[in-house]
Number of protein chains: 2
Amino acid sequence: MTSDQAAPPQYQKIAIHLGEMIKCGEYQAGDRLPSESEVMAQFAVSRGTARQALAVLQAQGLAQAAVGRGVFVREQRPSRRIASDRYQHEVGQIITRGVSPHEPATSFAKDHRIGSDEYRLDKHFQEIQSNDELAKLFGLNAGEPVLERRFVFYAKDTPQQMSRSYVLLRLVGGTPVADPANEPWPGGNIAQLATLGIIVSRVEESVAARMPLQDEATMLHIPTGVPVLTIARRMLAGPDRDEVVEVANIVIPADRIVLDYTINLDVWPDPVQTLYTSGGRAAGT
Amino acid sequence: MTSDQAAPPQYQKIAIHLGEMIKCGEYQAGDRLPSESEVMAQFAVSRGTARQALAVLQAQGLAQAAVGRGVFVREQRPSRRIASDRYQHEVGQIITRGVSPHEPATSFAKDHRIGSDEYRLDKHFQEIQSNDELAKLFGLNAGEPVLERRFVFYAKDTPQQMSRSYVLLRLVGGTPVADPANEPWPGGNIAQLATLGIIVSRVEESVAARMPLQDEATMLHIPTGVPVLTIARRMLAGPDRDEVVEVANIVIPADRIVLDYTINLDVWPDPVQTLYTSGGRAAGT
DNA sequence: CAGTGGTCTAGACCACGCT
DNA sequence: GCGTGGTCTAGACCACTGT
């Protein structure tokens, strides 16, 4: 085995070459890359190959084409951050101000660092029977009626995320929570449930990533080469923090967001002593 | 404005058509999709268009091509789960058993539900000067010497994730932690730091998603249309849980993994009373 | 109007996998 | 050997963008 390496195809060489120029900063974010004709001339290839090279960069999320204008280097920095701390902050709001809507800003507006008047959301409420998947998440039998709430969030007219939230109809039926006109709810989801006497004490989030579905790409204006982050969220209440009161599926384009999670660990009261009495060895600080 | 809808191009129609058949279950995971020639015949298009249609499905992560065999529907279920609870469990191990290596299995092996003998890792240690980015994460001046530890994890010879971990050289220099031969460390990262007297009390993770870089795709065998999840992890210690003792960047192909986070909220002791006396604040737990 | 990317065609040669 | 996908060429027409 002297050389297993097959020579990379032309279009890949070109893509790697341009990719390195981007990495090195010779093309900055927003700069126009060589056009198809320019690539054809520069590398002596046909248009198909030139296009393929530029397509690679787009699939990698490094570049984005604009008809009639050219191919441009994409911005790479995610700007928004969504922190798990937000939930504790929402609880804090309720504790200090009660459940009345004193605070117009929601977590969403805060995440975007925009005023609460600069965003809007499309909403669509619907009563449905829970299917097997939903029933399993709630821990009850399929067929239980639930309220499905679909949202699409916009910040300054740009769609930012879509979500489907599910709550048990027997808990929210006939209450203000079931009225779309009350969304966005001041103080957020936890405050909303608090008005019903439901005290959320645990939130579980399952995070995954995949390429967007066709309708997601359309609705959220997701360019090629950009995946979505999906969050399956469960809000729990009750004395044992095990009663599922809300389930939500959230889809967010991954090119502008980072999810921050803080995990505080319960550490024993006197570490040094515990280490020595349990057979371990350690140097104290 | 009667119809803004431009007719979708042929290749997209075909892609949508095939995509719906996958969604409806007419093509199951592992099934072979129509070959390029079959698509050409079925839809009366040239080979280029047929290829483009099939390429769409691959870019969406729905299908994967295999030379000489065909295009196949990809498995969609993520199998592994990585839970934030793992850190608390690692702490529990130390509390009950001390810092000695009683427990050969690491979190990684547990995540994969494989024996600790079924995985291995490539490791590469290196002493470097911290750059601006690293220094900022650690909260100290650039140039501070750090130990960079690069890992690639394999489960049954399949690469699963790669990571770069950074620890301050003045804390680990000359200790067993700086010796690659001791990896994988029994009990995991937190146990490792515990042997140095460092008690990790907080973990912060920043999760994002993007398409893989070329070398990541190569090293982790990532097929087209599969993004990666990136985790920037900071381990904190000290009385105020604010001293950064380890920083790590983790890259995981997103097609087989879900990240589970649990957020426990501090709720006031008597919700009803607090609600009615609104304006009061509660004692934390 | 000239230049851009988007779509589509009709060929060609290649390496790979199965039989 | 035959069918598969991978690469590459040389053309064509189109819609869009800028000046």
Side-chain angles (χ1 to χ4, degrees), chain A residues 1 3-18 27 30-74 214 217-218 221 223-225, chain B residues 1 3-18 27 30-74 214 217-218 221 223-225:
Chain A
M1 299 211 233
S3 73
D4 283 14
Q5 305 295 353
Q10 291 250 64
Y11 77 90
Q12 234 186 63
K13 283 188 201 166
I14 301 171
I16 291 174
H17 181 252
L18 292 174
Y27 289 109
D31 286 359
R32 214 202 73 172
L33 290 172
S35 70
E36 293 176 0
S37 336
E38 287 167 336
V39 172
M40 287 168 72
Q42 242 183 297
F43 299 91
V45 292
S46 73
R47 193 181 163 208
T49 307
R51 271 185 68 75
Q52 213 172 342
L54 292 168
V56 168
L57 297 173
Q58 293 173 63
Q60 291 174 336
L62 290 177
Q64 182 170 357
V67 264
R69 303 207 296 125
V71 182
F72 298 84
V73 179
R74 263 174 32 83
Q214 255 139 3
T218 306
H221 298 157
T224 50
Chain B
M1 298 220 230
S3 74
D4 282 14
Q5 305 295 351
Q10 291 250 62
Y11 76 90
Q12 236 187 62
K13 283 188 201 167
I14 301 172
I16 291 173
H17 180 255
L18 293 175
Y27 290 109
D31 286 359
R32 214 201 73 172
L33 290 173
S35 70
E36 293 175 2
S37 335
E38 287 166 337
V39 172
M40 288 168 71
Q42 241 183 294
F43 298 90
V45 293
S46 73
R47 191 177 166 214
T49 307
R51 271 184 69 75
Q52 214 173 341
L54 293 168
V56 167
L57 297 173
Q58 293 173 62
Q60 291 174 336
L62 290 178
Q64 181 172 357
V67 257
R69 303 207 296 125
V71 182
F72 298 84
V73 179
R74 265 172 35 81
Q214 255 139 4
T218 306
H221 298 156
T224 48

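Here is how names work: the chains are called A, B, and so on, in the same order as the sequence lines, proteins then strands, and each is numbered from 1.
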Check the distance between [N]'s [atom2] and [X]'s [atom1] and give it to me in whole angstrom.
X     : N      : atom1 : atom2 : answer
B/E36 : D/dT7  : CD    : C1'   : 11 Å
A/L33 : C/dG3  : CG    : P     : 20 Å
A/K13 : D/dC8  : NZ    : C1'   : 13 Å
B/Q10 : C/dA10 : CD    : P     : 12 Å

Partner residues of A/E38 under the side-chain contact (heavy atoms from CB on, under 4.5 Å) criterion, sequence neighbours left out: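 Only A/R32, A/P34, A/S35 meet the side-chain contact (heavy atoms from CB on, under 4.5 Å) criterion with A/E38.
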Those residues that, when tested against B/A63, pass side-chain contact (heavy atoms from CB on, under 4.5 Å) (two or more places apart):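 Per chain and number, B/A63 pairs via side-chain contact (heavy atoms from CB on, under 4.5 Å) with B/L33, B/L57, B/Q58, B/V71.
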Note, B/Q52 side chain near B/Q10 side chain (heavy atom, < 4.5 Å):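 Answer no - side chains too far apart.
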Residues that A/R47 engages under salt bridge (charged side-chain N to carboxylate O under 4.0 Å, His left out), provided they are two or more places apart: A/E36
Per B/R32 side chain, nearest of listed nucleotides D/dT4, D/dC8, D/dG5: D/dT4
Side chain of B/A65 - closest among D/dC8, D/dG6, D/dT4: D/dG6
Please produce a list of atom pairs where a protein N or O lies less than 3.5 Å from an N or O of nucleotides 16-19 of chain C.
none

N/O (side chain, B/Y11) to phosphate O (OP1/OP2, C/dT7) under 4.0 Å: yes
Over all atoms of both residues, closest heavy-atom pair of A/K13 and A/P8: CE-O, 3.4 Å
ring-ring contact (aromatic ring centres under 6.0 Å, His included) partners for A/F43, two or more places apart: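 Listed in chain order: A/H17.
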Interatomic distance, A/L18 atom CG to A/Q42 atom CD [nearest 0.5 angstrom]: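 One gets 7.5 Å once the value is rounded to the nearest 0.5 Å.
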Chi angles and distances behind the side-chain contact (heavy atoms from CB on, under 4.5 Å) call for A/I14, A/V56: CA-CA 10 Å; A/I14 301 171; A/V56 168; over 6 Å; no
Interface residues of residues 37-63 of chain B with DNA chain D (non-hydrogen, below 4.0 angstrom):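 Within this stretch, B/S37, B/R47, B/R51 sit under 4.0 Å of the strand.
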